[in-house]
Amino acid sequence: MKALLFLLLFSALVGHAQQRQQVKGNPVHQLRIYEIFEHNKDAFHQRFNDHAQRIMKQYDFHIIAMWETNTNGKLAFVYLLEWPDVQVLQASWDKFMADEEWARIKQETGRLHGQLVGEIQDIRMAAVPYSPLMNFKEIMDTARDK
């Protein structure tokens with residue numbers, strides 16, 4: 001499972017590196033893993049697609065990729081974000097969590113469909129200098145500068 005997740009993350013990052021605008025320094029990546037439930041996963045996906053993404057964009061969230069996994073009977077929604085630095089990450093999350101529209105939507109969907117999210121894992125990642133991603137970023141930066 002971990003190897004598959006790594007391959008998915010790496011392929012998303014490589015594809016994303018070709019599309020993203022130049023970021024000064026090394027960006028911070030954030031992996032979010034939400035436990036979701038089979039009986040109301042459609043309601044979760046609808047809420048994330050229709051509302052969460054839209055509101056997140058208002059606060060400069062940059063979602064690179066999203067997946068659904070089912071490992072040993074545990075269903076999860078996984079998404080990867082990119083941030084210019086940890087300060088922007090934290091400020092954006094603070095604003096999103098304080099958003100009145102988002103609070104209202106969570107309350108309404110919870111009342112209609114029950115609890116949509118269980119355990120949440122939040123993993124913040126910085127690429128190591130010998131990461132293939134860093135080598136790819138160097139190549140892309142050099143090509144862009146020519």
Would you say the ring centroid of [X] lies under 6.0 angstrom from that of [Y]?
X     : Y     : answer
Phe77 : His45 : yes
Trp93 : Tyr59 : no
Tyr79 : Trp67 : no

From [X] [atom1] over to [Y] [atom2], what is the distance, rounded to the nearest 0.5 angstrom?
X      : Y      : atom1 : atom2 : result
Ile105 : Glu100 : CD1   : CD    : 12.0 Å
Met97  : Ile55  : CE    : CD1   : 11.5 Å
Leu75  : Ile36  : CG    : CD1   : 4.0 Å
Asp94  : Leu89  : CG    : CG    : 9.5 Å

Task: Flag, side chain of Asp85 to backbone of Pro27, donor-acceptor distance under 3.5 Å - done: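 No.
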- [ ] Return yes if some donor-acceptor pair links the side-chain N/O of Ser92 with the main-chain N/O of Val88 below 3.5 Å, else return no.
- [x]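 Yes.
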- [ ] Can you run down the salt bridge (charged side-chain N to carboxylate O under 4.0 Å, His left out) pairs that involve residues 67-77, sequence neighbours left out, and say none if there aren't any?
- [x]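 Every salt bridge (charged side-chain N to carboxylate O under 4.0 Å, His left out) pair that includes a residue of residues 67-77, provided the two are not neighbours, is Lys41-Glu68, Lys74-Glu119.
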- [ ] Please check if any side-chain donor atom of His29 sits under 3.5 Å from a side-chain acceptor atom of Glu82, or the reverse.
- [x]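 The criterion, which ignores hydrogens and geometry beyond distance, is satisfied for Glu82 and His29.
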Open item on the list: Just by distance, no angles: are the side chains of Gln90 and Arg124 close enough, under 3.5 Å, to form a donor-acceptor pair?
Closed with: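 A donor-acceptor contact under 3.5 Å links the two side chains.
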Are [X] and [Y] packed together at the side-chain level, in the sense that at least one heavy-atom pair is separated by less than 4.5 angstrom?
X      : Y      : result
Phe44  : Asp42  : no
Leu116 : Phe37  : no
Leu80  : Gln30  : no
Gln107 : Leu112 : no
Phe48  : Met56  : yes
Gln58  : Asp99  : yes

Task: Sidechain N-carboxylate O distance under 4.0 Å for Glu108, Arg104 - done: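 The answer is yes: the pair qualifies as a salt bridge.
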Open item on the list: Regarding Arg54 and Glu101, does a basic nitrogen lie under 4.0 Å from an acidic carboxylate oxygen?
Closed with: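 Judged by the 4.0 Å cut-off on N to carboxylate O distance, Arg54 and Glu101 do form a salt bridge.
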Task: CA sep, side-chain torsions, deciding dist, call: Leu31, Asp122, side-chain contact (heavy atoms from CB on, under 4.5 Å) - done: CA-CA 6 Å; Leu31 185 66; Asp122 180 21; over 6 Å; no
- [ ] Kindly determine whether Ile120 and Arg32 satisfy side-chain contact (heavy atoms from CB on, under 4.5 Å), including the steps that lead there.
- [x] CA-CA 7 Å; Ile120 297 174; Arg32 300 277 294 184; 3.7 Å; yes
TODO: Evaluate side-chain contact (heavy atoms from CB on, under 4.5 Å) for His51 paired with Trp102, printing each intermediate quantity in order.
DONE: CA-CA 8 Å; His51 303 291; Trp102 178 238; 4.3 Å; yes
Open item on the list: Show, in sequence, the C-alpha distance, side-chain angles and deciding distance for Lys106 and Arg47, and conclude whether the side-chain contact (heavy atoms from CB on, under 4.5 Å) test is met.
Closed with: CA-CA 8 Å; Lys106 281 186 9 180; Arg47 180 176 80 181; 3.8 Å; yes
Open item on the list: Looking at every non-hydrogen atom in both residues, tell me the closest pair between Ala76 and Ile33 and how far apart they are.
Closed with: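 So the minimum-distance heavy-atom pair works out to CB-CG2, 4.0 Å.
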